[in-house]
Amino acid sequence: MKIQLSHPWPETAAEAEAVQDALRASLDLAGPGPRRPAAVAGVDVAYAGDRLAAAVVVLDAVTHRVVEQVAVTGRTAFEYVPGLLAFRELPSLTEALERLTIVPDLVVCDGYGLAHPRRFGLACHLGVLTGLPTVGVGKTAFVGSHREPGRERGAWSDLVLDGDVVGRVLRTQDGVKPVFVSTGHRIDLETACRHVLALSPRYRLPETTRAADRLSRTALREAAGG
DNA sequence: GCGACAG
DNA sequence: ATCTTGTCGC
């Protein structure tokens, strides 16, 4: 799979915001998205100073067994700026995705999608670039307001931004801190949450996220020489 | 103006 | 994200 990043790649925050505003027009929020995905991918990036390691792990959607995984290492080219996370992580993430031989039916991203200041978070961006259905799963609050969801697994509440429902605060395990789910591309929020729950049978975070997080950290460690 | 702010 | 010790619990 060949992935084309925007050219030229933005150098400033203003240029990056302009890219988001332009690509947002290509966002597909129609849904319903994959009903019975067979292969689900998780992506994540780990950092150590200016070094980084991006990982993509594809799991069997039913058994959650690893089907394929790729990790690439490199150096940071964009500093972290709230709202512009994609420009820090996409170069390496797309490189890892390009080396994948399997085309996943859904990609679970670390972070937000539509729940974003300009309605174009990392999950939306990666979705538009790859054409794949994507969903964003954030671990902490970023934008929007919400009520505390019920304490049982599956309970959720609306994540509202400027009067729009842009995501859901979803409890994936009884009594544990909820996660923030928002759609990325080619999927609806209801379906996205259904898949996130199915991918989180035992822990707070989806198995895809956990697997990608582990791989990115070990890849970073091995690249350093330990 | 000030504080908050995915990872 | 990453920096960090011990601690409670399965």
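Please read all numbers here as calculations on a predicted model, not as lab measurements. Below, chain A is the first sequence line, B the second, and so on; all start at residue 1.
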query: Between the side chains of A/Gln173 and A/Arg204, does any donor sit under 3.5 Å from an acceptor?
result: no

- prompt: Looking across every strand, which nucleic acid part, if any, lies under 4.0 Å from A/Ala46 by heavy atom: base, sugar-phosphate, or nothing?
  reply: sugar-phosphate

- prompt: Does the side chain of A/Val66 come within less than 4.5 Å of A/Val57's, by heavy atoms?
  reply: yes

task: Measure the distance from CZ on A/Phe78 to P on B/dG7 and round it to the nearest whole Å.
output: 18 Å

- prompt: What heavy-atom pair brings A/Ala55 and A/Leu93 nearest, and what distance separates the two atoms?
  reply: O-CD2, 4.1 Å

- request: Select from A/Arg217 and A/Arg202 the residue whose nearest nucleotide in DNA chain C is closer to the 5' end of that strand.
  value: A/Arg217

- line: Nearest heavy-atom contact between A/Glu207 and A/Pro201 is CG-CD, 4.2 Å

- request: Please determine if a side-chain N or O atom of A/Lys139 lies less than 4.0 Å away from the OP1 or OP2 oxygen of B/dG7.
  value: yes

query: Side chains of A/Ser157 and A/Glu148: is there a donor and an acceptor less than 3.5 Å apart?
result: no

query: Among side-chain atoms of A/Glu89 and A/Tyr80, is any donor-acceptor pair under 3.5 angstrom?
result: no

Under 4.0 angstrom between A/Thr140 side-chain N/O and B/dC5 OP1 or OP2: no

task: Nearest whole angstrom, please: distance from the P of C/dC10 to the CZ of A/Arg204.
output: 20 Å

field: Interface residues of residues 110-128 of chain A with DNA chain B (non-hydrogen, below 4.0 angstrom)
entry: A/Asp110, A/Gly111, A/Tyr112, A/His116, A/Gly121, A/Leu122

message: What is the separation between atom CZ on A/Arg221 and atom C1' on C/dA1, rounded to the nearest whole Å?
response: 17 Å

message: Need one value for A/Leu84: base, sugar-phosphate or nothing, where a base atom within 4.0 Å counts as base even if backbone is also close, heavy atoms only.
response: base

Atom-pair distance (NE2 on A/His146; P on B/dA6), nearest Å: 13 Å

field: Ring-base stacking, A/Tyr47 with B/dG7 (5.5 Å, 30° cut-offs)
entry: no

- prompt: What is the distance from CZ of A/Phe87 to P of B/dG7, rounded to the nearest Å?
  reply: 18 Å

task: In whole angstrom, give the distance that lies between atom CG of A/Asp44 and atom C1' of B/dA6.
output: 12 Å

- request: Would you mind reading off the distance between A/Glu79 atom CD and C/dT2 atom C1', rounded to a whole angstrom?
  value: 16 Å

task: Send over the distance from A/Leu170 CG to B/dA6 P, rounded to a whole Å.
output: 19 Å

message: Would you say A/Arg88 places a side-chain N or O within less than 4.0 Å of OP1 or OP2 belonging to B/dA6?
response: no

field: More than 12 heavy atoms of other groups within 6.0 Å of A/Glu11 CD
entry: no

query: For A/Phe142 and B/dA6, do the ring centres fall under 5.5 Å apart while the planes stay under 30° apart?
result: yes

message: Using the ring centroid of each side chain, check whether A/Trp9 and A/Phe87 are separated by less than 6.0 Å.
response: yes

message: Within the 4.0 Å heavy-atom criterion, would you say A/Gly136 contacts the bases, only the backbone, or no part of the nucleic acid?
response: nothing

query: Contact class for A/Arg51 (heavy atom, under 4.0 Å): base, sugar-phosphate, or nothing?
result: nothing

